[in-house]
Amino acid sequence: MKKILFFTMMAGMLMTVSCRNDDKEEEVTSVIGNWKVQKMITKGAFTSGGFTVPINNSSESSCVKESKVDLNGDKTGHALVKDDTTGTCEVLGDENFTYTYNPETKIITVKSNGTSQDIKVIKVTNSELTIEQPADMQTPQGTFNGTITLNMTK
């Protein structure tokens with residue numbers, strides 16, 4: 001789960017943003033800067049020992065809000081991801097990455113440590129970004145299947 005959350009947050013910063021379509025306004029074609037997570041939503045099911053439990057969690061904790069993604073104009077970036085689901089604020093990831101973004105499909109592809117992850121852009125404005133990623137992960141306690149959604153602001 002830590003890796004999925006990390007990739008999700010890294011990818012979130014890589015979006016193309018559009019302004020309202022007026023004759024005098026131009027489209028913004030890249031987002032370079034710093035996105036900060038405001039809310040993390042986890043939906044799906046957790047299975048352990050033959051039992052399945054529905055999951056629908058939302059976190060706006062101060063720990064989650066310490067997470068950020070920095071984007072560079074050369075399509076490189078850095079992500080710091082924190083979470084406190086264990087009761088302690090922990091760093092889940094602190095890594096550099098590269099990315100590509102397809103504005104037609106609204107898919108961000110993040111590459112880090114030899115792996116690639118596709119992230120779906122749900123909403124993007126000049127100041128707000130929402131991304132969603134399917135999650136299928138094994139933990140020592142069981143398996144989570146569902147989605148992770150991040151709401152971020154600049």
Side-chain angles (χ1 to χ4, degrees), residues 1-19 27-48 52 54-61 63-86 89-154:
M1 183 158 178
K2 290 181 180 182
K3 191 170 206 171
I4 289 175
L5 292 174
F6 176 70
F7 277 127
T8 300
M9 293 189 59
M10 289 189 312
M13 305 315 296
L14 315 174
M15 301 307 108
T16 300
V17 180
S18 295
C19 295
E27 266 190 18
V28 177
T29 58
S30 70
V31 176
I32 298 171
N34 187 11
W35 287 102
K36 296 180 182 181
V37 174
Q38 300 301 311
K39 185 177 188 179
M40 183 183 331
I41 302 165
T42 307
K43 291 183 181 179
F46 185 79
T47 304
S48 180
T52 300
I55 302 291
N56 188 2
N57 293 328
S58 178
S59 177
E60 297 179 54
S61 72
C63 178
V64 167
K65 290 181 178 184
E66 291 177 20
S67 301
K68 64 179 183 171
V69 179
D70 299 317
L71 299 178
N72 302 314
D74 62 358
K75 297 196 187 265
T76 63
H78 177 262
L80 172 65
V81 181
K82 293 185 173 186
D83 188 40
D84 56 359
T85 55
T86 63
C89 189
E90 299 175 311
V91 175
L92 301 182
D94 189 2
E95 295 187 35
N96 296 316
F97 61 91
T98 61
Y99 68 91
T100 59
Y101 175 59
N102 184 331
E104 293 177 11
T105 62
K106 296 198 176 222
I107 298 292
I108 303 165
T109 301
V110 175
K111 295 180 182 179
S112 177
N113 297 323
T115 60
S116 180
Q117 184 75 40
D118 287 342
I119 311 296
K120 181 179 179 182
V121 176
I122 302 298
K123 177 182 179 181
V124 63
T125 68
N126 285 325
S127 61
E128 193 176 343
L129 174 64
T130 302
I131 59 173
E132 180 181 83
Q133 175 179 343
D136 181 11
M137 63 187 111
Q138 298 287 326
T139 70
Q141 296 80 25
T143 304
F144 173 77
N145 293 299
T147 60
I148 297 171
T149 304
L150 296 177
N151 298 332
M152 298 179 277
T153 59
K154 280 189 177 179

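Only heavy atoms go into these numbers, but all of them, side chains included; no hydrogens, no water, no symmetry mates. Source: prediction; values computed, not measured.
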In this structure, CG of N34 is separated from CE of M152 (nearest 0.5 Å) by 10.5 Å
Quick one: pull up CG in D136 and CZ in F144 and give me the separation to the nearest 0.5 Å. 9.5 Å
Straight-line distance of K36 NZ to E66 CD, nearest 0.5 Å: 11.0 Å
Set of residues satisfying side-chain contact (heavy atoms from CB on, under 4.5 Å) with respect to S58, sequence neighbours excluded: K39, I41
Could you tell me the separation between the OG1 atom of T147 and the CD atom of Q133, rounded to the nearest 0.5 Å? 9.5 Å
Is any side-chain heavy atom of K75 closer than 4.5 Å to a side-chain heavy atom of T98? no
What is the distance from atom OG1 of T42 to atom CD1 of I148, rounded to the nearest 0.5 Å? 5.0 Å
Taken in chain and number order and not counting sequence neighbours, the residues that satisfy side-chain contact (heavy atoms from CB on, under 4.5 Å) with I122 are K120, T130, E132
Evaluate the criterion side chain to side chain contact (heavy atoms under 4.5 Å, CB included) for residue pair I107 and T100; output intermediate values, then yes/no. CA-CA 8 Å; I107 298 292; T100 59; over 6 Å; no
d(Q38 CD, S67 OG) to nearest 0.5 Å is 10.5 Å
Under the rule for side-chain contact (heavy atoms from CB on, under 4.5 Å), what residues qualify as partners of T47, not counting sequence neighbours? T52
All heavy atoms of E60 vs all of K65, minimum pair found to be O-CE, 3.4 Å
The criterion is side-chain hydrogen bond (donor to acceptor under 3.5 Å, both in side chains); which residues satisfy it with D118, sequence neighbours excluded? T109
Using the side chain to side chain contact (heavy atoms under 4.5 Å, CB included) rule, pick out the option among N57, V81, V64 that qualifies with M40. V64
Full working for side chain to side chain contact (heavy atoms under 4.5 Å, CB included) between K82 and V37: CA-CA 10 Å; K82 293 185 173 186; V37 174; over 6 Å; no
Listed partners of Q141 passing side-chain contact (heavy atoms from CB on, under 4.5 Å), at least two apart: F46, T139
Strictly by disulfide bond (SG atoms under 2.5 Å apart), give each pair with a member in residues 90-141 just once, sequence neighbours left out. none
Do the non-hydrogen side-chain atoms of N151 and T149 ever get within less than 4.5 Å of each other? yes
For S48 versus G142, what's the shortest heavy-atom pair and its separation? CB-CA, 4.3 Å
Would T153 and E128 count as a side chain to side chain donor-acceptor pair (under 3.5 Å) here? Give the steps. CA-CA 5 Å; T153 59; E128 193 176 343; over 6 Å; no
